[in-house]
Amino acid sequence: MSAWRKKTAGLMAGVALLGIGGITPANAGVTEGQFESRIEWWTAPTESRRWYDSNSSSDYTGIYFEDCTADGGGGFNYADLRLWKDVPGAPDRSKGTRRNYCGWVDYGDPDDAGNYYFALTDVSSGTFISVRYVKVGW
């Protein structure tokens, strides 16, 4: 068997195992919804736009950062982001905080239909961040 065919067979076996185990990260390309954006000069507690998740699937909610900068002397190390469910007439409900090191971060399946948003809660270096490419998937 050629090296290419072995790699392809190994990849397909890995995908099959992940599918059997019910693990489907949001960046796997099969998501309920997504949007792309950018972040410029965000400081805590800046919030993202809202989106509606009907929770019609068990897809994870996640956020991807690419080309990140911060105003601190050490550059961008990480940003802490909290996923919130917007609850009209009541306090919004936190669905967890994750640390993004300028890559993909999954929050799991929020398991609840509604409007969601991210809020920046902390920047490791400095007071603001900018991210050239942001992708949110759910």
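If you're wondering where the values come from, they're calculated on a predicted model, not measured in any experiment. In what follows, residues are counted from 1 in the order of the sequence shown.
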Chemist: Give the cluster check for Y78 versus L120: same hydrophobic cluster or not, with ILVMFWY residues linked at side-chain heavy-atom distances below 4.5 Å.
Modeler: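 Y78 does not cluster with L120.
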Chemist: When rounded to the nearest 0.5 angstrom, what distance separates OG1 in T69 from CD in E40?
Modeler: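 So the gap between those two atoms works out to 9.5 Å.
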Chemist: Can you tell me how far apart OG (S48) and CG (L83) are? Round to the nearest 0.5 Å.
Modeler: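 Reported value, rounded in 0.5 Å steps: 8.5 Å.
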Chemist: With the 4.5 Å side-chain cut-off for hydrophobic clustering, are V123 and F65 part of the same group?
Modeler: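 Both belong to a single hydrophobic cluster.
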Chemist: Side chains of T127 and D71: do they bring a donor and an acceptor to under 3.5 Å?
Modeler: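 The criterion, which ignores hydrogens and geometry beyond distance, is satisfied for D71 and T127.
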Chemist: Output yes when R98 and D80 qualify as a salt bridge under the 4.0 Å nitrogen-oxygen rule, no when they do not.
Modeler: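 Salt bridge: no.
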Chemist: Of all the heavy-atom pairs spanning D106 and W104, show the shortest one and how long it is.
Modeler: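 So the two residues come closest at OD1-NE1, 2.7 Å.
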Chemist: For residues 85-138, pull every pair meeting disulfide (SG to SG under 2.5 Å), keeping only residues two or more places apart or in separate chains.
Modeler: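 For residues 85-138: C68-C102.
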Chemist: What pair of heavy atoms forms the shortest contact from S125 to G72, and how long is it?
Modeler: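 It is OG-CA, 3.2 Å.
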Chemist: Are the aromatic rings of Y116 and Y107 close, with centres under 6.0 Å apart?
Modeler: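 Ring centroids of Y116 and Y107 are no less than 6.0 Å from each other.
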Chemist: Hydrophobic clustering (ILVMFWY, side-chain heavy atoms < 4.5 Å, transitive) - are V134 and W84 grouped together?
Modeler: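 Different hydrophobic clusters.
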Chemist: So D67 and F76, side chain to side chain contact (heavy atoms under 4.5 Å, CB included) or not? Walk me through it.
Modeler: CA-CA 9 Å; D67 194 8; F76 183 94; over 6 Å; no
Chemist: Identify whether the distance between the nearest side-chain nitrogen and carboxylate oxygen of D86 and R93 falls below 4.0 Å.
Modeler: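 A salt bridge is absent here (no side-chain N lies under 4.0 Å from a carboxylate O).
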Chemist: Tell me whether the NZ or CZ atom of R49 lies within the 45° cone about the ring axis of F35 and under 6.0 Å from its centre.
Modeler: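 Satisfied, under 6.0 Å and within 45°.
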Chemist: Would D112 and K95 satisfy side chain to side chain contact (heavy atoms under 4.5 Å, CB included), going step by step from the backbone distance to the final call?
Modeler: CA-CA 10 Å; D112 198 6; K95 294 292 188 167; 3.7 Å; yes
Chemist: To the nearest 0.5 Å, tell me how far R82 CZ sits from S94 OG.
Modeler: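 One finds 4.5 Å between CZ of R82 and OG of S94.
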Chemist: When rounded to the nearest 0.5 angstrom, what is the spacing between CD in E47 and CG in L81?
Modeler: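 Rounded to the nearest 0.5 Å, the CD-CG separation comes to 12.0 Å.
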Chemist: Kindly give the heavy-atom pair with the smallest separation between R132 and R38, and that separation in Å.
Modeler: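 In this case the closest contact between R132 and R38 is O-CB, 3.4 Å.
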Chemist: Going only through I, L, V, M, F, W and Y residues with side-chain contacts under 4.5 Å, is there a path from V105 to Y117?
Modeler: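 As far as the 4.5 Å side-chain criterion goes, Y117 and V105 are not connected within one cluster.
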Chemist: Decide if the gap between the ring center of Y52 and the ring center of W138 is smaller than 6.0 angstrom.
Modeler: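 When the ring centroids of Y52 and W138 are compared, they turn out to be at least 6.0 Å apart.
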Chemist: Under 6.0 Å between the ring centres of F128 and W42?
Modeler: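 When the ring centroids of F128 and W42 are compared, they turn out to be at least 6.0 Å apart.
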Chemist: Could you please spell out the steps behind the side chain to side chain contact (heavy atoms under 4.5 Å, CB included) verdict for F118 and T61?
Modeler: CA-CA 11 Å; F118 286 100; T61 296; 4.2 Å; yes
Chemist: Donor-acceptor check, side chain of N100 to backbone of G103, threshold 3.5 angstrom: yes or no?
Modeler: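 Yes; at least one donor-acceptor contact below 3.5 Å.
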Chemist: For the side chain of D92 and the backbone of V87, is there at least one donor-acceptor N/O pair under 3.5 Å apart?
Modeler: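 Yes, the answer is positive, given that a donor and an acceptor are paired below the 3.5 Å cut-off.
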Chemist: Kindly indicate, with the supporting measurements, whether the criterion side chain to side chain contact (heavy atoms under 4.5 Å, CB included) is fulfilled by E32 and D53.
Modeler: CA-CA 8 Å; E32 186 177 319; D53 183 350; 3.0 Å; yes
Chemist: Restricting to non-hydrogen atoms, name the atom on S124 and the atom on N77 that form the minimum distance, rounded to 0.1 Å.
Modeler: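 Where S124 meets N77 most closely, the heavy atoms are OG-CB, 2.8 Å.
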Chemist: Could you state the interatomic distance from NZ (K85) to CZ (R50), rounded to the nearest 0.5 Å?
Modeler: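 Result: 13.5 Å between the selected atoms.
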Chemist: How close do A113 and S54 get, heavy atom to heavy atom, and via which atoms?
Modeler: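 Distance-wise, the nearest heavy atoms are CB-O, 3.5 Å.
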